[in-house]
Each structure stands twice: as structure tokens, then as C-alpha cells.
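In what follows, a single structure is set out as C-alpha cells and then discussed.
Here is how names work: the chains are called A, B, and so on, in the same order as the sequence lines, proteins then strands, and each is numbered from 1.
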Amino acid sequence: MSAATAVGAAPTLSPDAAALDDTTRAALRAYLQALGDDEMLLGHRDSEWTGLGPILEEDIAFSSMAQDELGHAQVWYGVLHQHFGAPTPDAIAFLRDAPDWRNAQLVELPRGDYAFSLVRQYLFDVAEAIRYGALAESPWPALAEAAAKLRQEEKYHLLHGRAYVERLGRANADSRLRLQRALDDLFPYALGLFEAPDGESALVARGLVPPSAALRAAWLAAVVPFLQASELSPPVVPDGADGWRPTVASIEGGRRGTHTEHLAVLLAAMQGLYRSDPAAVW
Amino acid sequence: MTTLSDEAQLHAFEARIARGDKVEPGDWMPDRYRQQLTRLIQQHANSELMGALPEGQWIPYAPGFKRKMALIAKVQDEVGHAQLLYMAAETLGKPRVEMIEELINGTSKYSNVFNYPCETWADIAMVGWLIDGAAIVNQTIMQTGSYGPYGRALKRITYEEAFHLKQGYDLVVTLATGTRAQRDMCQEAFNRWWWPTMMFFGPPDRQSVHTEVLQRWGVKPKTNDEQRQIWLQKFVPKIEELGLDIPDKGLHRDPDTGDYVITQPDWDEFFRVINGDGPMNRERLALRRLIYEEGSWLRTALEKRDLLPRAA
């Protein structure tokens with residue numbers, strides 16, 4: 001973890017969220033919601049490859065990642081349920097309308113072709129690894145413990161993503177072009193992962209979470225050299241000694257509940273059966 | 001430069017099998033054994049891969065975390081089984097890509113049950129319980145067969161199928177004991193899947209063409225009728241316990257043997273579906289073909305051993 005993303009200067013807090021002041025509680029709740037919603041929707045999108053993968057090995061790999069991401073969503077929704085009086089993880093995921101979701105728009109986009117899904121997964125996994133690395137040192141134990149556990153799984157995702165992105169970036173002109181197109185489409189949305197959730201500054205001030213701007217800088221420092229070494233061109237220019245400045249605007253709004261039409265369509269499918277009788281046991 | 005006559009080789013081969021020895025990839029085997037076994041394992045691999053389609057399409061709609069994750073894991077296992085079985089078949093000399101091409105051009109078969117539609121969520125329950133249950137009966141028997149790599153693959157597969165069966169049963173119980181709408185959905189799906197399940201084990205022994213020599217060579221240790229009977233003994237009591245109504249009104253037990261006697265399903269339909277004219281054959285194969293074609297750039301890129309040099 002770089003110094004820029006460091007949290008944890010404050011001493012460990014009581015695990016009891018009720019002991020936090022109202023502003024901090026509300027901000028933490030919004031933050032956890034964003035974490036869970038990102039994972040939930042990416043897991044859903046990944047699972048759209050299950051049984052339909054372009055080769056058996058990648059069919060299996062995306063199914064594993066789908067299960068991991070859904071499992072992570074369950075963990076964050078579980079923290080919301082346990083500490084913030086939110087409904088059960090099932091109710092959080094299957095009974096909420098699009099405007100109430102706080103995910104970055106990146107993860108709600110349709111799965112696209114394999115190159116699109118691969119590049120999205122890679123860009124997301126690097127961001128998660130950096131974020132969870134920082135959150136693992138948060139003084140609020142529920143957040144730190146969950147982040148420490150989940151980052152272990154993201155490691156395997158990253159190994160997979162890096163291997164395939166590099167291989168396909170450098171295999172032939174066709175595969176390189178497909179990855180480049182995906183990267184062009186995805187990069188502005190990936191920047192949207194670093195849109196700060198509501199009330200983040202209160203959490204940053206207390207040392208509970210890293211500032212999103214610092215995460216974004218660390219993310220750029222990680223993905224840009226790797227993509228370039230993979231013969232891909234991320235839309236950035238050098239900025240300062242070891243920084244990068246995107247030449248495209250970040251697509252934001254997701255953390256405030258503004259979404260593409262794809263989210264409502266996704267939710268109609270994902271929630272339809274569950275909502276047909278929410279009181280029933282499925 | 002054979003040292004033994006073909007007849008002596010065959011004699012020695014059959015003696016090994018009679019002793020219960022396993023045949024391994026490098027061993028001498030009759031051509032017909034190699035062909036039959038390749039056909040069998042390849043069809044089994046195809047079935048796992050095709051089975052992933054009807055179930056996989058329900059993943060986005062699965063109600064709740066538990067069902068969603070279980071269904072992803074199940075379909076993932078099936079794709080993994082396909083991979084394992086194609087590898088087992090490759091030990092007999094046929095490359096995977098050739099087998100997948102034979103699948104999508106329709107020259108290699110797969111289990112007929114996957115040519116039936118999964119119309120509701122309850123169909124997923126039925127496939128998971130009835131069909132995975134039938135597959136376990138079949139695979140538990142087949143794993144005692146004479147070809148080593150196939151038997152070992154099946155051991156691992158049946159171990160995982162046992163989880164699928166548990167999930168499938170749990171799902172059926174949930175629906176069968178749920179709301180009125182869920183119970184109706186469950187019964188209707190059961191009605192749809194009863195006859196395809198009866199057909200799953202293949203035509204009655206008196207109509208089956210391959211059985212005798214396959215049994216002698218330990219390729220197929222039990223007949224279709226024997227396998228079907230094992231399934232009936234296991235499942236009918238459970239079906240009755242759940243209060244599901246069996247659509248075969250003629251089903252009864254033989255008072256002397258205790259065996260279940262079924263009304264024969266429509267075997268003409270069975271052969272029609274095998275020959276490509278089932279409710280979902282075209283659609284399933286077209287989807288598999290589309291996936292294969294769309295993956296062509298990826299396979300080409302991954303085959304390449306030396307990567308392009310880096311610019312800098």
C-alpha cells in the first residue's frame with residue numbers, strides 16, 4: 001500500500017457501529033453499500049459467461065470469479081445487516097430498484113464480448129486490490145477484517161487477468177485490437193469506480209477509509225505501465241514525476257444513484273422471480 | 001511387427017478384463033473397443049457441455065444468493081466435467097477440437113434430455129434432482145468399467161454430482177412444500193420431466209443394439225433396463241413421499257420380483273429427438289455453434305506460443 005492510500009492512523013474503534021456518531025454511521029453505510037453493489041453486479045455479469053464461455057477454461061474461470069464476487073457482496077451486505085439494521089443480504093440485493101443502487105456504472109454494463117469482460121474484470125480487480133489493501137488497515141474492525149479476507153481472493157483474479165490481458169495484448173494484431181477497443185470503451189467507466197460515495201470526506205477525516213482520489217492515483221500507477229507493456233494504449237498522459245492524467249472524462253453518477261438503462265434491465269431479470277413472491281421461501 | 005496374432009491379443013485382452021484389470025491408454029485394445037469407448041466418452045463429454053445450456057440460462061433469474069451461487073457452481077462443475085471427459089477421450093487418440101466440431105456439426109450425439117426446454121424455475125429443480133440422479137446411477141455403474149482413465153474421471157464426477165443431487169432435492173422440497181403457486185409449478189415441471197427421465201437410460205434391452213459386446217468388454221457393465229430399475233427403486237418412494245403425482249398411471253410393482261414396471265415411453269419420440277427433431281435440438285446446437293465461432297479469435301491467439309515483441 002502506498003503512503004497516499006494509507007488509513008489507520010487512528011486507534012482501533014469499537015466494533016459496535018452504534019458507538020459511532022450519526023454522520024460517520026451514515027457515511028459508512030453508504031460506503032459499504034457501494035462496495036457491495038459493485039461486487040454484486042460484477043458477479044452477476046461474470047455469471048453470464050457460465051456455460052457460454054468461449055473456451056472451457058475461461059468458462060470455468062469466469063464462473064469462479066462470479067461466485068467470488070457474489071460472495072463478497074454477501075459479506076458487505078452482511079455487515080450492513082449486522083451493524084446497520086439493514087434488511088437481509090437477499091432483500092438488499094433482490095428487492096431494491098435501480099435508483100437505490102450505489103455501484104459504479106462500470107459493473108452494470110452488459111457483458112459484451114470476451115475481450116470486454118476480460119478487460120473490465122482486470123481494471124476492476126486492480127482497483128479492488130488497492131482499495132481492500134487500504135481498508136484492511138481501517139480502525140473499524142468489521143471493515144478491516146472483511147477487506148483483509150476478500151483481498152486474498154482478488155489476488156487470484158489479478159493473476160488470471162494479468163496473464164490473459166498480457167497474452168492477448170501481445171498475441172496478434174486481432175486480439176490486440178479487440179482488447180484496445182474494450183479498453184477505450186471501458187476506461188472512462190473504470191475511472192468512475194473512484195467517484196467518492198456520499199459522506200466519504202467524513203470517513204477520510206477520521207482515518208476510516210482512504211480518499212478515493214488517492215486510490216485513483218494508485219490505480220493509474222498500477223494499470224497504465226502494465227497495459228502499456230501489454231501493447232495497449234490507455235488514454236492517459238504523464239503527469240508529474242510518476243503520475244498519470246487521463247485524457248478522457250470519468251463517467252460518474254453511479255455512487256449517487258444515476259445509472260445506465262442497463263441496470264434496470266439487469267435488475268428486472270435478476271429480481272423478477274424473487275419479487276414474484278418475496279414472502280415465499282425460494 | 002506384431003508378436004501375437006490378433007486373435008491371441010484379443011484373447012489376452014478379454015482375459016484381462018475378466019480378471020478385473022483396467023485398460024490403460026498405451027495398452028493394446030481391439031479397434032472396436034477404442035471406437036466404442038471414444039464414442040461413449042465423447043457423448044458423455046458433449047452431454048455435460050450441452051447440459052450447461054438449459055441450466056446456465058436460468059442463472060441470471062435465480063432467486064436469492066443461495067440459489068444463484070449454487071446454480072453457477074453446478075453449471076461450472078458441468079463444464080469442468082466436460083473438460084475432464086474430453087481429456088479422457090483424448091487418451092484414445094482424438095483431439096478435443098475435433099470432438100467439439102463433431103458436436104456442433106451434429107455428427108456426435110449428446111444426451112437427449114437436454115433437447116427439452118426448461119420452462120420455469122421448477123424445471124431447474126427437476127433437472128437437478130431427477131436427471132442428476134439418473135446420471136449418478138449411470139456413472140456409478142460406468143466407473144466400474146474397464147477403461148482406466150474414464151473410470152477415474154467418473155469417480156471424481158460422481159463425487160461432485162452428489163452435491164448437485166442434494167441441491168436439486170433441496171430445491172424440489174422447497175417448491176413442493178412452498179406456496180400454492182410453487183407447488184403447482186413443481187408438479188407441472190415434474191410432469192414435463194418424468195418421461196424424458198424414463199428415456200434417459202435408453203431404449204429397453206430388447207431394442208438396444210450395442211449392449212452385448214459392450215458388457216463383455218466391461219464398457220457398459222449394466223443394461224439400460226437394469227439402470228432404469230435402480231433409479232426407480234431409489235426415486236419412486238421419494239417422489240411419493242413428497243406428494244408429487246406420477247404421470248405414469250400404469251406404474252406398479254411386480255408382485256413377484258418387487259421391480260417397478262413402467263408404461264413404456266414413446267420410443268418413437270426418443271428416436272426422433274436423437275435424430276435431431278426434438279423441441280430444442282436446433283436451438284441448443286445453434287447456440288453452441290455461435291459460442292464456438294465467437295471464440296475462434298481467442299483460440300487462435302492462445303495457440304500462438306511466441307508473443308509479439310514489446311515496442312519499447
Side-chain angles (χ1 to χ4, degrees), chain A residues 40 43-60 62-64 66-67 70-71 73-74 77 88-90 93-94 113-115 118 164 166-176 178 228-231 266 269-282, chain B residues 49-80 82-83 86 96 100 120-121 171 174-175 177-179 181-182 287-288 290-292 294-304 306-312:
Chain A
M40 181 78 209
H44 179 90
R45 287 305 189 196
D46 283 347
S47 79
E48 291 177 330
W49 286 105
T50 301
L52 307 170
I55 55 173
L56 303 187
E57 287 73 11
E58 283 306 276
D59 195 312
I60 293 166
F62 269 85
S63 301
S64 286
Q67 291 169 72
L70 293 173
Q74 232 178 348
Y77 293 161
T88 62
D90 268 352
F94 292 89
D113 71 351
Y114 171 79
L118 173 69
Y164 273 85
E166 186 188 2
R167 200 165 171 82
L168 297 175
R170 295 175 58 208
N172 59 40
D174 176 46
S175 63
R176 197 202 72 82
R178 287 169 190 269
Q228 289 174 339
S230 306
E231 293 299 298
L266 181 159
M270 185 174 94
Q271 301 175 335
L273 185 55
Y274 189 89
R275 283 187 171 208
S276 71
D277 189 349
V281 177
W282 289 99
Chain B
L49 195 56
M50 296 305 281
L53 296 179
E55 290 182 274
Q57 73 182 352
W58 272 96
I59 290 172
Y61 311 96
F65 272 105
K66 176 177 149 189
R67 300 299 181 200
K68 194 175 181 80
M69 289 168 79
L71 189 56
I72 297 170
K74 176 180 199 283
V75 178
Q76 179 186 34
D77 283 347
E78 281 156 13
V79 176
Q83 189 188 27
Y86 282 125
R96 189 211 281 184
I100 291 187
T120 68
W121 175 245
L171 195 42
T174 303
L175 296 174
T177 58
T179 65
Q182 287 175 318
L287 180 54
R288 209 23 96 197
L290 180 73
I291 292 166
Y292 187 72
E294 285 183 347
S296 136
W297 71 270
L298 179 62
R299 285 190 303 277
T300 305
L302 293 176
E303 271 162 20
K304 209 163 169 299
D306 32 303
L307 301 181
L308 300 175
R310 290 182 173 138

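Aromatic ring pairs are classed by plane angle as parallel below 30°, tilted from 30° to 60° and perpendicular above 60°; the pair A/Phe94 and B/Phe65 is perpendicular.
When heavy atoms are compared at a cutoff of 4.5 Å, A/Arg178 approaches chain B solely by way of its side chain, counted from C-beta outward. Proximity to chain B (any heavy atom under 4.5 Å) is restricted, for A/Leu168, to the side chain, taken from C-beta onward. Only the side chain of B/Tyr86 comes within less than 4.5 Å of a heavy atom in chain A; its backbone stays farther off. Of the atoms belonging to A/Thr88, not a single heavy atom falls under 4.5 Å from chain B. When heavy atoms are compared at a cutoff of 4.5 Å, A/Ala269 approaches chain B by way of both its backbone and its side chain. Both the backbone and the side chain of A/Ala115 come within less than 4.5 Å of a heavy atom in chain B. At a 4.5 Å heavy-atom cutoff, the contact between B/Gln83 and chain A is made by backbone and side-chain atoms alike. When heavy atoms are compared at a cutoff of 4.5 Å, B/Leu290 does not approach chain A at all. Only the backbone of B/Ala62 comes within contact range of chain A, judged by heavy atoms closer than 4.5 Å.
When each of A/Ser276, A/Ser230, A/Ala171 is checked for heavy-atom pairs under 4.5 Å with chain B, A/Ala171 comes out on top. The choice from B/Asp77, B/Val79, B/Thr174 that makes the most heavy-atom pairs within less than 4.5 Å of chain A is B/Val79. Each of B/Trp297, B/Tyr292, B/Trp121 has some count of heavy-atom pairs under 4.5 Å with chain A, and the biggest count is that of B/Trp297. Per-residue counts of heavy-atom pairs under 4.5 Å with chain B were compared for A/Leu266, A/Ile55, A/Asp59, A/Ile60; the largest is that of A/Ile60. Contacts with chain B were tallied for A/Pro54, A/Ser63, A/Ala73, A/Gly43; A/Ser63 has the most, counting heavy-atom pairs under 4.5 Å. Comparing B/Gly178, B/Gly51, B/Ser296, B/Ala73 by heavy-atom pairs within less than 4.5 Å of chain A, the highest count is held by B/Ala73. Heavy-atom pairs under 4.5 Å with chain B were tallied for A/Gly272, A/Ala66, A/Ala93, A/Ala229; the largest tally goes to A/Ala229. Of the listed residues (B/Pro60, B/Ala52, B/Ala82), the one with the most heavy-atom contacts under 4.5 Å to chain A is B/Pro60. Between chain B and the residues A/Gln271, A/Glu166, A/Gln228, A/Arg176, the largest count of heavy-atom pairs under 4.5 Å involves A/Glu166.
Contact detail for A/Ser47 and B/Ile72: the closest heavy-atom pair is CB-CD1, 3.5 Å. Pairing each heavy atom of B/Gln182 with each of A/Ala280, the nearest pair is NE2-CB, 3.7 Å. Shortest non-hydrogen contact noted between B/Gln76 and A/Ser64 is NE2-OG, 2.7 Å. Closest approach of B/Met69 to A/Gln67, counting heavy atoms only: CE-O, 3.5 Å.
Using a 4.5 Å cut-off on side-chain heavy atoms (C-beta onward), B/Arg96 and A/Leu56 make contact. Counting heavy atoms from C-beta on, the side chains of A/Tyr164 and B/Leu302 come closer than 4.5 Å. Contact annotation: the side chain of B/Leu71 never approaches that of A/Thr50 to less than 4.5 Å [non-hydrogen atoms, C-beta and beyond]. Under the 4.5 Å side-chain criterion, counting only non-hydrogen atoms from C-beta, B/Thr300 is not in contact with A/Asp174. Within the 4.5 Å cutoff, the side chain of A/Trp282 has heavy atoms near those of the B/Leu175 side chain.
The environment of OH in A/Tyr274 is crowded: more than 12 heavy-atom neighbours from other residues, nucleotides or ligands sit within 6.0 Å.
The NE2 atom of A/His44 sits 4.5 Å away from atom NZ of B/Lys68, with the distance rounded to the nearest 0.5 Å.
Side-chain atoms of B/Glu294 never come within 3.5 Å of backbone atoms of A/Asp113 as a donor-acceptor pair (strictly under, hydrogens ignored).
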Evaluate the side chain to side chain contact (heavy atoms under 4.5 Å, CB included) criterion for residues A/Leu52 and B/Leu53: first the C-alpha distance (whole Å), next the side-chain angles of each, then the deciding distance (0.1 Å), finally the verdict. CA-CA 7 Å; A/Leu52 307 170; B/Leu53 296 179; 3.6 Å; yes
